[in-house]
**Q** 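Sharing a structure here in structure tokens format.
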Amino acid sequence: MSSVVSDRLPAFPWDKLEPYKKTAAAHPDGIVDLSVGTPVDPVPELIQKALIDAADSPGYPTVWGTPALRDAITGWLERRLGAREVTHRHVLPIVGSKELVAWLPTQLGLGPGDRVAYPRLAYPTYEVGARLARADHEVYDDPTGLDPEGLKLLWLNSPSNPTGRVLPKAELTRIVAWAREHGVLVVSDECYLELGWEADPVSVLHPDVNGGSYDGVVAVHSLSKRSNLAGYRAAFLAGDPAVLGPLLEIRKHGGMMTSAPTQAAVVAALGDDAHVQEQRARYAARRTLLREALLGHGFRIEHSEASLYLWATRGESCWATVARLADRGILVAPGDFYGTAGEQFVRVALTATDERVRAAVERLAGR
């Protein structure tokens, strides 16, 4: 029976990268892995301490999270994103953002005949989520050009994975207004929002975007990148209570709960801005080095004004670029993982240690 579900899914794209990973790993000085984008820097000590202090948690945690966790989330939304009048009913902890992206269409009750839309260049799990629900899926350049008939879920992603593109406030405002006019739920993946470099990303939760109402609008946020908590599976939703309330009930039945120590760690993480600025500084320095090295090696970089990636091209097949860099011991992600529009691009992650980034720079310079 399991094959019936798995047959709905595309081949797992990262498996195709394995031969190139072996080539890169054979480099005399070892591989520089700039492909997946997994954090490599330490979890800040105050977060580790909060996790350890909560380690004696023998009872079941709640799906909705502790009041302290909900307070931390609402406080952060108001302090960092400029959201207004956010209550506990406006937030919902989730077990990392990927599980939410993959299962949201199913949890919303979507199915055959319903449509899910996402950007032309996008995180592959948006499509996976639609396929799991047996819903139709399509890509867009401008979502307001979509046929709203049967469109039940509109994914936004700003800053974008993979391109790093940031949607301006005016564009977000226009899209939210259009979606409301046609009764389309907007879910905005904002997991890279704290990593703006040449732009200041804005949330759909900002009153300038949503007009002071959360109706039909939900944002997804993660602590994986901003706090190095990918291993903790710590994320949350915020927005329309009419959407989050039913999701909470479904997730209670499904036991989709964040562990109690992780909840305590998230409280500490959201209450501290200093560690986020320190991590931003690390990524900014790595970004500068890699950007200059790629440009010097003949690449052109598009968008990339935010997020943890450089979206780069040499005007050739992405797989030719992957192979070229693998021969230098550098592994990157081929752009066609994110849609056919990425066939001549590669995604270069900033998530490597300073030493590995320096090694990549030297190899790109031919040293």
Side-chain angles (χ1 to χ4, degrees), residues 11-45 48 96 98 123-124 161-164 192 195 197 224-233 275 278-301 304 307-338 342 344-367:
F12 189 62
W14 292 96
D15 291 343
K16 295 165 61 178
L17 203 56
E18 281 303 314
Y20 302 93
K21 186 174 184 178
K22 290 180 180 178
T23 299
H27 190 279
D29 187 37
I31 188 172
V32 179
D33 193 342
L34 306 178
S35 61
V36 176
T38 186
V40 298
D41 299 300
V43 174
E45 288 188 13
Q48 292 191 48
K98 185 169 185 175
Y123 186 45
N161 173 15
T163 69
Y192 296 91
L195 296 167
W197 311 116
S224 292
K225 306 302 194 294
R226 49 97 70 189
S227 298
N228 299 333
L229 296 189
Y232 285 45
R233 309 316 301 137
H275 78 275
E278 291 171 7
Q279 190 58 45
R280 275 181 52 87
R282 294 187 189 104
Y283 284 137
R286 293 166 187 166
R287 179 180 183 273
T288 297
L289 290 173
L290 285 171
R291 182 182 178 89
E292 291 177 357
L294 289 166
L295 292 173
H297 195 68
F299 281 88
R300 184 178 81 253
I301 295 173
S304 307
S307 84
L308 283 182
Y309 312 104
L310 293 169
W311 188 238
T313 180
R314 290 174 56 93
E316 63 187 5
S317 161
C318 60
W319 288 101
T321 304
V322 167
R324 180 194 301 274
L325 293 177
D327 287 340
R328 294 174 178 261
I330 302 169
L331 189 68
V332 297
D336 66 1
F337 278 10
Y338 308 94
Q344 292 192 344
F345 286 79
V346 293
R347 192 194 73 171
V348 183
L350 310 180
T351 51
T353 64
D354 292 343
E355 183 274 329
R356 288 289 83 187
V357 167
R358 287 193 295 270
V361 169
E362 291 175 0
R363 296 174 194 183
L364 288 168
R367 297 195 293 271

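Being a predicted model, the structure only gives us computed values, none of them experimental.
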**Q** Do you know the tightest heavy-atom contact between Ile31 and Ala25?
**A**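 Nearest heavy atoms, Ile31 then Ala25: CB-CA, 3.9 Å.
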**Q** When rounded to the nearest 0.5 angstrom, what distance separates CG in Leu289 from CG in Leu294?
**A**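 Nearest 0.5 Å value for the CG-CG distance: 11.0 Å.
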**Q** Below 4.5 Å, heavy atoms only, C-beta onward: do Thr351 and Tyr283 meet side chain to side chain?
**A**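 Yes, their side chains come closer than 4.5 Å.
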**Q** More than 12 heavy atoms of other residues, nucleotides or ligands under 6.0 Å from CD of Glu355: is that the case?
**A** yes
**Q** Of all the heavy-atom pairs spanning Val346 and Cys318, show the shortest one and how long it is.
**A** CG1-O, 3.8 Å
**Q** Working to the nearest 0.5 Å, report the span between CZ of Phe299 and CG of Leu310.
**A** 10.5 Å
**Q** Going by atom type alone, with no hydrogens or angles, which donor-acceptor pairs under 3.5 Å involve a side-chain atom of residues 11-22 and a protein atom two or more places apart or on another chain?
**A**
none

**Q** Quick one: does any side-chain atom of Arg358 pair with a main-chain N or O of Thr353 as donor and acceptor, under 3.5 Å?
**A** no
**Q** I need the minimum non-hydrogen distance between Gly164 and Ser307, along with the two atoms involved.
**A** CA-OG, 3.5 Å
**Q** Does Asp29 pair with Arg328 as a salt bridge, N-O distance under 4.0 Å?
**A** no
**Q** Where do Ala352 and Asp33 come nearest, in terms of heavy atoms and distance?
**A**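 Minimum heavy-atom contact is CB-O, 4.4 Å.
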**Q** What's the separation between atom CG in Leu325 and atom CG in Leu331, rounded to the nearest 0.5 Å?
**A**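 Leu325 atom CG to Leu331 atom CG measures 9.0 Å (nearest 0.5 Å).
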**Q** So, the side chain of His275 versus the backbone of Pro44: is there a donor-acceptor pair under 3.5 Å, distance only?
**A**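 Checked: no pair found.
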**Q** Please report the shortest heavy-atom distance between Trp311 and Gly342, naming the atom on each side.
**A** CZ2-CA, 3.9 Å
**Q** For Arg287, enumerate each residue passing the salt bridge (charged side-chain N to carboxylate O under 4.0 Å, His left out) test, keeping only those at least two apart in sequence or located in another chain.
**A** Glu198
**Q** Just to verify, what does Tyr232 make a side chain to side chain donor-acceptor pair (under 3.5 Å) with, not counting sequence neighbours?
**A** none
**Q** Please enumerate all residues that pass salt bridge (charged side-chain N to carboxylate O under 4.0 Å, His left out) together with Arg286, with sequence neighbours excluded.
**A** Asp41, Asp354
**Q** If you measure from OG on Ser317 to CZ on Phe345, what distance do you get to the nearest 0.5 Å?
**A** 12.5 Å
**Q** Run the salt bridge (charged side-chain N to carboxylate O under 4.0 Å, His left out) test against Arg314 and tell me which residues pass, sequence neighbours left out.
**A** Glu316
**Q** Does the side chain of Arg233 come within less than 4.5 Å of Ser224's, by heavy atoms?
**A** yes
**Q** Rounded to the nearest 0.5 Å, what's the gap from CG on Leu290 to CG on Leu350? Could you check?
**A** 6.5 Å
**Q** Might you point out which heavy atoms bring Tyr338 and Ala333 nearest each other, and give the distance in Å?
**A** OH-CB, 3.8 Å
**Q** Using atom types as modelled and distance alone, determine if a side-chain donor or acceptor of Gln344 lies under 3.5 Å from a backbone N or O of Thr313.
**A**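 Not at all, since once roles are kept as given, no pair shorter than 3.5 Å links the two residues.
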**Q** Side chains of Asn161 and Arg347, heavy atoms from C-beta outward: is any pair under 4.5 Å?
**A**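 Asn161 vs Arg347: side chains touch.
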**Q** For Thr163, enumerate each residue passing the side chain to side chain donor-acceptor pair (under 3.5 Å) test, keeping only those at least two apart in sequence or located in another chain.
**A** Ser160
